[in-house]
K.L.:
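Can you keep this structure in mind? I'll have questions shortly.
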There are 2 protein chains.
Amino acid sequence: MRTKGKPSSMRGIRQLAEHLDISIGTVSRALNGKPDVNEETRRRVLAAAEELGYVANQSGRSLRQGETKVIGLMIESSQEAVENADNFFLGVTSGLQHVFARHKLDLLMLPCPSDEDPCEYLKRMVARRVVDAMIISNTQRIDRRIDLLSRARIPFAAVGRSLSAGNFPWIDLDFEGVAERAVERLAARGHRRIAITAPSSEVNLGYVFVESYRRALEKHGIPFNPSLVIRVKSSEQGGYQAAHELLLLEDRPTAVVLIYELMAIGLYRRMMESGIVPGRDLAVIGFRDAPRARFLQPSLSCFRMSLYDLGIALGEMLLANMPAYRELYPDCGRNIIWPLELVQGESDAFEIEAMV
Amino acid sequence: MRTKGKPSSMRGIRQLAEHLDISIGTVSRALNGKPDVNEETRRRVLAAAEELGYVANQSGRSLRQGETKVIGLMIESSQEAVENADNFFLGVTSGLQHVFARHKLDLLMLPCPSDEDPCEYLKRMVARRVVDAMIISNTQRIDRRIDLLSRARIPFAAVGRSLSAGNFPWIDLDFEGVAERAVERLAARGHRRIAITAPSSEVNLGYVFVESYRRALEKHGIPFNPSLVIRVKSSEQGGYQAAHELLLLEDRPTAVVLIYELMAIGLYRRMMESGIVPGRDLAVIGFRDAPRARFLQPSLSCFRMSLYDLGIALGEMLLANMPAYRELYPDCGRNIIWPLELVQGESDAFEIEAMV
DNA sequence: CCTACAGTCGTAAACGTTTACGGGGTGCGT
DNA sequence: ACGCACCCCGTAAACGTTTACGACTGTAGG
């Protein structure tokens with residue numbers, strides 16, 4: 001009843017076909033680039049579709065062909081996630097979209113409500129067939145989502161390793177390299193008492209990170225001192241706590257490596273309270289060059305990565321695991337350790353004089 | 001061919017009906033809570049659906065009833081947006097989801113690729129009928145998306161005012177109140193030379209913000225000095241630039257009000273370079289208490305808001321504009337100016353001695 | 001006994017696509 | 001003239017739902 005005399009009320013392919021006086025089959029073939037249609041006809045169809053603003057209804061299309069041309073990126077909208085959110089997902093998103101655009105795939109972000117079980121949410125989303133494939137993140141040590149996706153045979157890729165379900169496609173940050181190179185850099189500047197923060201050794205990262213740290217120390221002839229491994233939460237509070245524990249040590253370290261950039265703010269604050277100035281009295285190396293890390297004074301030495309490139313790799317890895325695109329990405333690794341590059345700040349810009 | 005002997009390969013409502021030996025119509029009615037179905041039958045259907053893991057195919061459903069039960073939240077994934085992103089969207093998202101969950105609506109975030117025209121992207125998304133309604137943000141002074149959505153009769157709400165298309169539902173931050181209360185607070189501490197930063201007066205905000213500032217000055221008997229209005233970009237660079245300009249003034253201000261928290265980092269840095277310490281030599285009031293703003297030392301006085309509550313209001317405003325839910329939210333304002341609360345930091349924690 | 005009615009349920013037609021199939025044409029070779 | 005291949009196009013059947021409609025019970029009221 002809204003459609004007055006205007007010809008612009010385009011409801012479906014049927015109206016478009018009638019308007020052109022062609023069958024809907026031909027119209028569909030013309031629009032989808034199928035070969036068996038006269039070029040002249042195709043031109044007319046495309047012109048009319050453009051003029052009338054016709055776009056295929058996605059529900060009908062995906063009902064028919066059983067795919068939606070949509071990739072889902074699951075993120076969490078919990079309180080903690082909100083607090084920790086920086087540009088990580090958006091940065092990765094732009095890389096993902098660049099890959100997906102090549103195949104006319106669209107990316108949708110699925111924010112899991114904080115009061116819903118992530119696994120239930122994911123189950124609902126994939127059962128609804130609103131996405132053809134999924135990307136998940138923040139993978140847990142054992143993550144039921146991985147089992148779910150595997151069993152449902154939904155193509156997926158994860159950012160973050162997990163011990164679940166054998167061999168699935170993932171990409172993860174090079175924490176080992178970070179620990180190793182941070183120690184290397186600090187040792188080169190004369191530091192011998194280098195502390196490190198890490199989550200509990202229960203979680204995979206907590207174990208891996210400290211082991212790399214230990215190996216790096218040995219490589220530079222520095223004895224491993226367990227009391228210099230500070231197990232705290234990877235948060236601002238954790239950073240404050242870590243600083244507090246460091247201050248209690250009788251043989252105070254001259255440097256500290258953080259595993260998460262948020263910790264730096266807490267650590268800076270606690271250190272300042274005791275008159276210890278980062279970058280002068282204590283060398284600090286952080287983790288990621290998140291935009292917010294640049295708020296620190298003195299600027300934080302940390303590790304940089306291209307979120308965009310990470311998104312590219314992640315997207316290609318996912319496509320390599322989708323039947324429809326597999327052959328296009330033949331030599332795409334199933335597991336990738338993503339390297340990071342050290343960016344020099346002021347927080348460790350001093351040397352320890354050798355005392356032999 | 002994947003379905004071995006397991007009974008868990010549930011493809012559609014038809015299989016479920018056959019398994020129960022009931023017609024698909026009854027099954028559908030039972031699942032959807034329609035009244036004309038025996039309670040005993042309904043129980044059986046629900047049990048079987050749960051057991052077999054049946055969930056209605058969304059494509060078929062939305063094709064039939066012309067709605068998708070999905071609300072879209074359009075965000076931008078441009079380089080600038082990535083840089084500026086903090087927890088804003090995620091914070092609002094959690095509030096939105098809380099509202100939508102009441103009606104079994106799901107929220108999808110639609111990240112517009114940086115190399116695509118936002119309007120074209122939006123057109124594609126709504127034409128595909130993948131969402132029933134939209135929420136847009138970062139509204140421009142004249143925003144073609146608003147005209148597009150209005151003409152297409154897609155329910156929508158915006159965060160941010162605009163001059164486009166008459167009366168549409170929006171919610172915006174109380175910039176006027178921010179300017180007014182910042183000046184009030186500074187004046188109460190004895191400041192008489194209060195600078196302010198603002199975007200170009202071409203954009204709505206640039207005009208509104210400065211006008212409120214001027215009125216607030218008058219209210220406290222402080223003459224308006226045009227040279228204390230610094231027009232710079234709302235970015236870290238802009239903050240640096242603003243500090244630079246302030247330092248060039250012969251009668252240097254004792255306080256400055258920033259319109260964007262990112263500016264604080266640049267301003268701090270430039271000030272430090274000249275030996276001016278924020279919170280001691282210069283009072284600074286920032287804008288939003290974004291998590292990253294808490295990285296600053298000394299801590300920034302700024303304005304706080306509950307993103308969650310903002311999301312709630314935004315969600316209800318949108319529902320009030322959707323025919324299916326309108327009557328449930330009768331007294332829902334069409335336009336809301338969202339208040340902010342001053343949170344006291346150290347960056348303006350000193351008083352100016354009165355010199356009469 | 002007839003009618004009315006409420007409670008259940010089955011039937012079938014949509015919703016908008018895509019695509020397998022087949023059928024007119026036309027041109028060519030035999 | 002006949003067969004054949006080829007190009008183009010129309011027909012119709014799916015895809016998985018929801019829902020208007022009608023049919024079938026049983027019960028109550030007259």
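So you know, we letter chains A, B, ... as the sequences are listed, proteins then strands, and number each from 1.
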K.L.:
So, is S23(B) near the phosphate of dG10(C), with a side-chain N or O under 4.0 Å from OP1 or OP2?
P.N.:
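Checking S23(B) against dG10(C): at least one side-chain N or O falls below 4.0 Å of OP1 or OP2.
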
K.L.:
Should we count CD1 of I142(B) as having more than 12 external heavy atoms under 6.0 Å?
P.N.:
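No, CD1 of I142(B) has 12 or fewer neighbouring heavy atoms, counting only those of other groups under 6.0 Å.
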
K.L.:
Just how far, in rounded Å, is P of dT17(C) from CG of L16(A)?
P.N.:
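For the pair L16(A) CG and dT17(C) P, the rounded distance is 9 Å.
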
K.L.:
For K69(A), does its backbone N or O pair with a side-chain atom of D132(A) as donor and acceptor, under 3.5 Å?
P.N.:
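Side chain of D132(A) to backbone of K69(A), a donor-acceptor pair under 3.5 Å: yes, one is there.
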
K.L.:
At less than 4.0 Å, is any side-chain N or O atom of R61(B) found next to OP1 or OP2 of dG16(D)? Yes or no.
P.N.:
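Negative; the distance criterion is not met.
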
K.L.:
Report the nucleotide, chosen from dT17(C), dG16(D), dC9(D), that has the shortest atom-to-atom distance to any side-chain atom of L63(B).
P.N.:
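Ranking dT17(C), dG16(D), dC9(D) by closest atom to the L63(B) side chain puts dG16(D) first.
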
K.L.:
When we call it a touch if two heavy atoms are under 4.0 Å apart, what does S59(A) touch: a base, just sugar-phosphate, or nothing?
P.N.:
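The residue S59(A) makes no contact with any strand.
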
K.L.:
Is there a side-chain contact between L110(A) and M134(A) (heavy atoms, below 4.5 Å)?
P.N.:
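Result yes, sub-4.5 Å side-chain heavy-atom pair found.
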
K.L.:
Rounded to whole Å, please give me the gap between CD1 in I24(A) and C1' in dA14(C).
P.N.:
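After rounding, the reported distance stands at 14 Å.
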
K.L.:
Take the protein atom CD of E18(A) and the nucleotide atom C1' of dG10(D), then report the distance between them rounded to whole Å.
P.N.:
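My rounded result for the distance is 14 Å.
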
K.L.:
Rounded to whole Å, how long is the line connecting atom CD1 of I22(A) with atom C1' of dG24(C)?
P.N.:
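Roughly 17 Å, once rounded to whole Å.
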
K.L.:
On DNA chain D, nearest-nucleotide positions of D36(A) versus R29(B): which is more 5'?
P.N.:
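Taking each residue's closest nucleotide, the earlier one in sequence belongs to D36(A).
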
K.L.:
Go through dC9(C), dG16(C), dT17(D) for me and flag the one nearest to the R14(A) side chain.
P.N.:
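Ranking dC9(C), dG16(C), dT17(D) by closest atom to the R14(A) side chain puts dG16(C) first.
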
K.L.:
Roughly how many Å is it from CD in Q65(B) to P in dT17(D), rounded to a whole number?
P.N.:
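Rounded to the whole Å, the gap is 12 Å.
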
K.L.:
Examine dT17(C): is either OP1 or OP2 under 4.0 Å from a nitrogen or oxygen in the side chain of S62(A)? Give yes or no.
P.N.:
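For dT17(C), OP1/OP2 do not have a side-chain N/O of S62(A) under 4.0 Å.
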
K.L.:
Within the side chain of N32(A), is there an N or O that forms a donor-acceptor pair under 3.5 Å with the backbone of K34(A)?
P.N.:
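Not a single qualifying donor-acceptor pair exists.
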
K.L.:
In whole Å, I'd like the distance from the NZ atom of K69(B) to the P atom of dT17(D).
P.N.:
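Interatomic distance, NZ of K69(B) to P of dT17(D): 16 Å.
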
K.L.:
Give a yes/no on whether any side-chain N or O of N32(B) is located under 4.0 angstrom from OP1 or OP2 of dT18(D).
P.N.:
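Indeed, a polar side-chain atom of N32(B) lies that close.
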
K.L.:
So, is S28(A) near the phosphate of dT17(C), with a side-chain N or O under 4.0 Å from OP1 or OP2?
P.N.:
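For dT17(C), OP1/OP2 do not have a side-chain N/O of S28(A) under 4.0 Å.
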
K.L.:
If I take atom CZ in residue R64(B) and atom C1' in nucleotide dA12(C), what distance separates them, rounded to the nearest angstrom?
P.N.:
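Rounded to whole Å, this separation is 11 Å.
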
K.L.:
How long is the line joining CG of L31(B) and P of dT17(D), in whole Å?
P.N.:
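Roughly 9 Å, once rounded to whole Å.
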
K.L.:
Looking only at atom types and distance, does a side-chain atom of S28(A) sit under 3.5 Å from a main-chain N or O of I24(A), one as donor and one as acceptor?
P.N.:
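Between the backbone of I24(A) and the side chain of S28(A) there is no qualifying donor-acceptor contact (under 3.5 Å).
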
K.L.:
Quick check on dT18(D): is either OP1 or OP2 less than 4.0 Å from any side-chain nitrogen or oxygen of K34(B)?
P.N.:
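Checking K34(B) against dT18(D): no side-chain N or O falls below 4.0 Å of OP1 or OP2.
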
